[in-house]
Amino acid sequence: MRLADRVAVVTGAARGQGEAVAQRFAHEGARVVMADREADGVEIAAADIRRQGGVAVPVAADITVAEEVAAIVETARREFGALHVLYNNAGIYLSNEDAPTADLPESVFDRNIAVNLKGTYLCCHYAIPLLIKSGNGVILNVGSVASYAGDPTAHAYAAAKGGLLAYTRSIATHYGVQGLRANVICPGFIDTPMVEDFMNQPDIRERIIQSTMLRRVGKAEEVANLAVFLASDEASFITGAVFAIDGGLIK
Ligand SMILES: NC(=O)c1ccc[n+]([C@@H]2O[C@H](COP(=O)([O-])OP(=O)(O)OC[C@H]3O[C@@H](n4cnc5c(N)ncnc54)[C@H](O)[C@@H]3O)[C@@H](O)[C@H]2O)c1
């Protein structure tokens, strides 16, 4: 098992990619703290892992609230005495509210930054001392193809996800000497509840498929495959890097 004896925190773990990553981490031997603002959802997702023989503890927490983030990390320390992997996945995509800048309300911009960028900072802030203590800590921040390609109609999302690139590299640069690795995973279109409404608009799904080299959208489990590799010792010389997982999106 590739993550035996490891303790991982996965945020946004109630559904979608976060749930798939938590499932896969547990399957690979990690003990997983699953955090999400959806208390019932994360409870059910963790119970599912336990039913399959894995070790998973749910925490109801909003990553924009410092005390709640501190409680996520404290759960890892209290339950398992360590933390090796932080998977910063929780995020929002406000497809009906995000907009080109001239039409973008300040409140929508702020909300994007609060969740997609500052939430990640808060998780890193509280987790890094434990990750360093582990001697081989790993941070994986979930960006998007919008991190580097931008998003023509969702400027707030692109700004927040773009910020993660420089932020992650800064962490990797500063803490590498202490054995901490930090990388960014940038998914393209992945079939999850986040993009369900957006992709169900007439023609959108087909247009996305036609602009993808593999002519399909991705699955959460495919992102989990990359996540488990980057979290494991197989990726021991990989840090400060950005990984697109987008089926070959034609930009
Ligand atoms: N699905 C895609 O096509 C796609 C593409 C690029 C990037 N991403 C990114 O991948 C990550 C996972 O997305 P997904 O597709 O699984 O989305 P999803 O909406 O299915 O799941 C996101 C989860 O994060 C949780 N969450 C949101 N805000 C939170 C907060 N403040 N505190 C705690 N939990 C919170 C939600 O409750 C939900 O369970 C996100 O960061 C997203 O931006 C997704």
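In this text the structure is predicted, and so the values were computed from the model without any measurement. When a ligand or atom number is given, it counts from 1 through the structure's own listing order.
- The proximity of Tyr93 to ligand 1, defined as any non-hydrogen pair under 4.0 Å, does not occur for either the backbone or the side chain.
- The distance criterion of under 3.5 Å between nitrogen or oxygen atoms is not met by Ser144 with respect to ligand 1.
- With respect to Asp191 and Arg216, no salt bridge is recorded, no charged nitrogen being found less than 4.0 Å from a carboxylate O.
- Closest heavy-atom approach to atom 40 (C) of ligand 1 within the set Asn89, Val142, Asn112: this belongs to Asn89.
- Across Arg111, Arg37, Lys118, heavy-atom proximity to atom 34 (N) of ligand 1 is greatest for Arg37.
- Not one N or O on the side chain of Arg6 forms a donor-acceptor pair closer than 3.5 Å with the backbone of Gly29.
- Protein heavy atom at the shortest distance from atom 17 (O) of ligand 1 is Met194 CB, 3.2 Å.
- A side-chain donor-acceptor contact under 3.5 Å links Asn141 and Thr168.
- Ligand 1 has a nitrogen or oxygen under 3.5 angstrom from a nitrogen or oxygen of Gly188.
- Of the candidates Val65, Ile72, Ile190, Val115, the one placing a heavy atom closest to atom 2 (C) of ligand 1 is Ile190.
- A heavy-atom separation below 4.0 Å is found between Pro193 and ligand 1.
- Polar contact with ligand 1: present for Ile63 (N/O pair, distance under 3.5 Å).
- Side chain of Arg181 to main chain of Leu230: a donor-acceptor pair is present (N/O by atom type, distance under 3.5 Å, no hydrogens or angles).
- No donor-acceptor pair closer than 3.5 Å links the side chain of Glu28 to the backbone N or O of Leu3.
- Asp98 contributes no side-chain N or O that, together with a main-chain N or O of Leu104, makes up a donor-acceptor pair within less than 3.5 Å.
- For ligand 1, one of its N or O atoms has an N or O atom of Thr192 under 3.5 Å away.
- Between the side chain of Gln201 and the backbone N or O of Phe198, at least one donor-acceptor pair lies under 3.5 Å.
- For atom 43 (O) of ligand 1, the closest non-hydrogen atom on the protein side is Tyr157 OH, 2.7 Å.
- Of the listed residues (Val9, Val69, Leu83), just one forms a side chain to side chain contact (heavy atoms under 4.5 Å, CB included) with Tyr126, and that residue is Val69.
- Assignment of Asp36 to the shell around ligand 1 is supported, since a heavy atom sits closer than 4.0 Å.
- Using a 4.0 Å cut-off to heavy atoms of Gly16, the atoms of ligand 1 that qualify are 16 (O), 20 (O).
- At a 4.0 Å heavy-atom cut-off, ligand 1 touches Ala61 through the backbone alone.
- The two residues Asp48 and Arg51 have their closest heavy-atom pair at OD1-NH2, 2.8 Å.
- The distance criterion of under 3.5 Å between nitrogen or oxygen atoms is met by Lys161 with respect to ligand 1.
- Atom CD1 of Ile238 is separated from atom CZ of Phe243 by 4.5 Å, given to the nearest 0.5 angstrom.
- Less than 4.0 angstrom separates some heavy atom of Pro187 from each of these atoms of ligand 1: 5 (C), 6 (C), 7 (C).
- Listed by number with element, the atoms of ligand 1 under 4.0 angstrom from any heavy atom of Glu38 are 37 (O).
- The aromatic rings of Tyr87 and Phe25 sit perpendicular to each other, their planes meeting at more than 60°, with 30° as the lower class boundary.
- Of all the atoms in ligand 1, the ones that sit under 4.0 Å from a non-hydrogen atom of Ala14 are 39 (O).
- Contact between Gly143 and ligand 1 is present, with at least one heavy atom of the residue lying under 4.0 Å from the ligand.
- Note on ligand 1: Phe189 sits in its first shell, one or more heavy atoms being nearer than 4.0 Å.
- Among protein heavy atoms, the minimum distance from atom 18 (P) of ligand 1 is reached at Arg15 NE, 3.3 Å.
- Between Glu97 and Arg111, at least one side-chain nitrogen of the basic residue sits less than 4.0 Å from a carboxylate oxygen of the acidic one, meeting the salt-bridge criterion.
- Contacts between Asp62 and ligand 1 below 4.0 angstrom, taking non-hydrogen atoms only, involve backbone and side chain alike.
- Glu106 CD: 12 or fewer foreign heavy atoms inside a 6.0 Å radius.
- Of the protein's heavy atoms, Gln17 NE2, 3.2 Å lies nearest to atom 10 (O) of ligand 1.
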